[in-house]
Structure formats: structure tokens, C-alpha cells
Amino acid sequence: MAKIKTKYICQECGYETVKWLGRCPECGLYSTLVEEIIEKNESFLPLKTELRQPMTLKNIKNLDETRVNTGINELDRVLGGGIVTGSLTLVGGDPGIGKSTLLIQICQSIGEKGLKILYISGEESVRQIKLRADRLNITTDNLLLLSETNIDIIENTINETKPNLIIIDSIQTMFASNISSAPGSVSQVRECTSKIMHISKLGNISALIVGHVTKDGSIAGPRILEHMVDTVLYFEGERMASYRILRAVKNRFGSTNEIGVFEMSQNGLREISNPSEFMLSGRPLGVPGSAVTCSIEGTRPILAEVQALVSYTNFGIPRRLATGMDFNRVTILMAVLEKRIGFKLGNFDSYVNLAGGIKITEPAIDASVASAIASSYKNKPIDSNTLIFGEIGLTGEIRAVTMSEKRVMEAQKLGFKKIIVPKENFKEVKGINGINIYPVSTVKELLDFSLI
Ligand code: TYD
Ligand code: MG
């Protein structure tokens, strides 16, 4: 067999060398050289011009995207209505968050539809997977398990068994024998993924690939995988807490704003179909520093509690901390409160937290963050039946948000009586019965209405 040649190529500047180097001599960056195959024994297909004719939209036949429901509604919604046949989906997340659990759980319902699933694990033995499957009541005969890490053997197995769905757990443990670097390295991960992509597109097989997240939050280094697959899902949540949030980061077949909420229980992952109730459970009532807001995640409104603690600092430099939301945004809101209301926050440590472990980036939560900070600073509680939303501008104005009606309806459903909304949104929500709406246009008005 001809020896396959590889080269090391700098991912930053394209410098090539035959030997691995820790630092690229061209651009001077460290650890950017990656092994790549330069000679593949593949014959090139001659270009057929008749297949390369541009076509008008009218002439292109509609692709019937067939979807398979996974039997888990929260997952189906995040995917945009089930797994598209022949698509490649990456499921990323911290170790121990529940990726393997989620993927084995969908096997029962898919298997019952008569579709064949091949579950390939490079991390656990088939006995270990069986133990878990037994605990999760997976009994389908259409699930085949394989413990293997060599991608070429996996390719053969797939060709022989002809499954409808393959699950690769995880891509970091797989290796291709024509590359000498260790499993999990950038070149191995890329090569293995491109092989799976090839198998999947050729045989119209759907593939779910598990990817571990590195410390800085990207999958296997420089996010190479995200470009290759159709859909990227991230599994988030605190390991110690029981809830898990599944989020689509990229989706060629649906929206990326949807989130799925799960709870890790004794019997695997349980769906949380009413996340608002879940996020507000155990909320302290009538204490300073707590405000409730509503954020739109995808098509769904979710209520969340913002907590703030502002306490006098004994050191020169006050500490500031924000979890679950953008830190810089919180700093801006504090500056607005200092300038427009006259708060002396420079002498206080401030901690802001979104309870429930959820992350919200929507500016619509601004008003509730500012109210929670003010409530803790003034030591005055916010009425526990109050919900606050609105974006805050730098001059202290409260700006309109989208889908205000949906937010108010969700709050009404959960028994909130008083809702503080941006003045611009008032006309959209004033017709809703059984609820008191307070329109506000400045931060000053907001605090007058929210603090009691
Ligand atoms: P796992 O799916 O193995 O995580 P990942 O594949 O993302 O690394 O889940 C691991 C955790 O989930 C583990 O700490 C145990 C817990 N778990 C439960 O609490 N209940 C269960 O039914 C299962 C299967 C796992
Ligand atoms: Mg796992």
C-alpha cells in the first residue's frame, strides 16, 4: 500500500512543513500546526458540464425533507420538528451533562417505528450501554450497539448493517488510521467527521455525533465541526443542578432560537414542558433584590427570576459579577442607575444572577435587572405578583420590546397581577383582561412603580 503523505499546515497563515513544530515560524503563533493529508489515492471524476447548468428556482424540484420524530417533544422542537433524514447533527456539551443519556433515550421511540439504529460508542463498552439502556427501559430490537473507535471498521459495519440512524459517541474518541496524530486532535476529528458525513450523505443515513466541549466552550478546538454538520445542538446546565437546557446553535432545517428544557432524574432525562413554572419554583416572596421577567426563547415565552445583591464594600474596588446574562450589559445598567437616579453604586459590591441556571441574552430583561439592583440597593422589595420587562437605553429611557402580548399572556397564566411594560408596548397589551398594566418610559418611572 502506498504510504499516505501528511503535512503540517498552520491554521492561521497556511505555512507548511513536514515536521510538527510547536510554534509557526511564519506567523509566530503557538500550537497552530495541524497534520493534514496531502495525497489521497482517489481518482478525480471528470467534470460533467451537463450537470453543472445553472437552473431557475422554478425548475428545481422540491426536496421532500422527511423527518423522524424522536418521541421527545423538547428535542423535536429544538430540531425544528424531528431529525431530518440524511442530516448530520452534532450534540455538544460538558462531560456528564447527559448527552449519551439523551441519545439512548430517543432510540426506543425511533426503534419502535421500525427504523434501525446503530449506536457506536468509543467511550463505553456495550455492557455499560446495556446497563444504562435497561435502566431507561429501552427494549427495542432495532437498536444495535457497537463499541469501536476505528472509523474504517465503523464504516464497514455501517455498510453491512445498513442502519437508518447512526449515533457516534463521541467524535473525540474516534480515529482514522491514515493520520498519525492522537484521537481527539483537530486533524483526527476533522477526518472522522468528514468520513461520517460522506457515509451519511451517500446512504441517506441520519447521523448524531456527540462532541465534548473544551474549557473555552468550543467543540474540539477551533469549531471545525460546526461548519461541517447541518445542525449543532448544545446541552447546557450546571452539573450539580438537575435541569438541562438544549439549545440549537446552528440549524439548516429550522430556527436556532428554540430551547428545550429537561430535568435529569433517576430514570433519565425528563421533559419540562412548562419551563416558566419550573424556573420560578422556590422563588422567595417579598424580599429585596428579586424581580421576575419574561424572555422569548424561540417561539416560547419563559419567565425567569433575576436576583441581585448589592452590599457595601470594605475594599477599595467593588466586585461585580453577573451570571446567566451579559456582564457588560449589567455594568451599563448600573451606570445608568448611577447617572440617572443618583445611586452611589461605586461603594458597593454587586452580584446579579439569573435563577434557574438559564442564560438570557435578550435586552428585554434590562428593566428587571435594573429593578432588582435598585431593590437590593434600597432594601425595598418588589411586589411578588409583579412582572417587569423592557429594554433600557443609555439615557435611561425604557424601549419597546417584541412580542409583548405573548409575554403578558404567559405572566397572566402564572398568576401575575401587575405588569410593568415599556410605554411603546402599552397599546398592544392594554386589552388583556384581569391584569394591571403599568406603562413606563424612564428608569425613574420604572423604579417608582416597581419598588414598594
Ligand atoms: P451521560 O449521559 O453519561 O453524560 P455525557 O454523555 O454527556 O457525558 O450522563 C451522565 C450523568 O447523568 C451521570 O452523572 C449520571 C446521570 N444520570 C442520572 O442522573 N440518571 C440517569 O438515569 C442516567 C442514565 C444518568
Ligand atoms: Mg457520554
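Remember, predicted model here, so these are calculated numbers, not experimental data. Counting starts at 1 for both ligands and their atoms, following the listed order. Note that the numbering runs from 1 along the sequence shown for the chain.
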Novice: Does the side chain of Ser177 pick up a donor-acceptor pair with the side chain of Asp152 at under 3.5 Å?
Specialist: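 Yes, a side-chain donor-acceptor pair sits under 3.5 Å.
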Novice: Run the numbers for me: atoms of ligand 1, each under 4.0 Å from some heavy atom of Arg135, listed by number.
Specialist: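 Numbered from 1, ligand 1 contributes 21 (C), 22 (O), 23 (C), 24 (C).
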Novice: I'd like to check Thr402 versus Ile296 (side-chain heavy atoms, cut-off strictly below 4.5 Å). Are they in contact?
Specialist: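 No, their side chains stay 4.5 Å or more apart.
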Novice: Could you see which bit of Met264 sits under 4.0 Å from ligand 1, with heavy atoms only: side chain, backbone, both or neither?
Specialist: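 It is the side chain that touches ligand 1; the backbone stays farther off.
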Novice: Only heavy atoms of Arg132, strictly under 4.0 Å: list the atoms of ligand 1 that pass.
Specialist: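 Once the distances to Arg132 are compared, the set is 1 (P), 2 (O), 3 (O), 24 (C).
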Novice: Ignoring hydrogens, just give me the one of Gly92, Gly96, Pro95 whose non-hydrogen atom is nearest atom 14 (O) of ligand 1.
Specialist: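 Going through Gly92, Gly96, Pro95 one by one, Gly96 has the nearest heavy atom to atom 14 (O) of ligand 1.
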Novice: Residue-level breakdown please: for Leu102 versus ligand 1, do any non-hydrogen atoms fall below 4.0 Å on the side chain, on the backbone, on both, or on neither?
Specialist: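 Answer for Leu102: neither.
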Novice: So do the side chains of Thr101 and Arg132 get within less than 4.5 Å of each other, counting heavy atoms only?
Specialist: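 A side-chain contact under 4.5 Å exists here.
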Novice: Which atoms of ligand 1 have any heavy atom of Gln266 under 4.0 Å away?
Specialist: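 Selected atoms, number and element: 20 (N), 21 (C), 22 (O).
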Novice: Counting the benzene-type ring for Trp, do Phe262 and Tyr243 have ring centres under 6.0 Å apart?
Specialist: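 Judged by ring-centre distance (under 6.0 Å), Phe262 and Tyr243 do not meet the cut-off.
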Novice: Would you mind running through ligand 1 and noting each atom that sits below 4.0 Å from a heavy atom of Leu136?
Specialist: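 Within the 4.0 Å cut-off of Leu136, ligand 1 contributes 22 (O).
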Novice: With respect to atom 6 (O) of ligand 1, which of Gly268, Ser265, Ser121, Ser100 exhibits the smallest heavy-atom separation?
Specialist: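 Heavy atom nearest to atom 6 (O) of ligand 1 belongs to Ser100.
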Novice: For ligand 1, which atoms sit closer than 4.0 Å to a heavy atom of Thr101?
Specialist: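 In order of numbering, the contacting atoms are 1 (P), 2 (O), 9 (O), 24 (C), 25 (C).
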Novice: Check the side chains of Ser125 and Ser147 for a donor-acceptor pair under 3.5 angstrom, ignoring hydrogens and angles.
Specialist: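 Looking only at side-chain atoms, Ser125 and Ser147 do not form any donor-acceptor pair under 3.5 Å.
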Novice: Please check if any side-chain donor atom of Ser180 sits under 3.5 Å from a side-chain acceptor atom of Glu35, or the reverse.
Specialist: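 Yes, a side-chain donor-acceptor pair sits under 3.5 Å.
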Novice: Could you verify whether a donor N or O on one side chain and an acceptor N or O on the other, from Glu362 and Ser295, lie under 3.5 Å apart?
Specialist: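 Side-chain D/A pair, Glu362 to Ser295: present.
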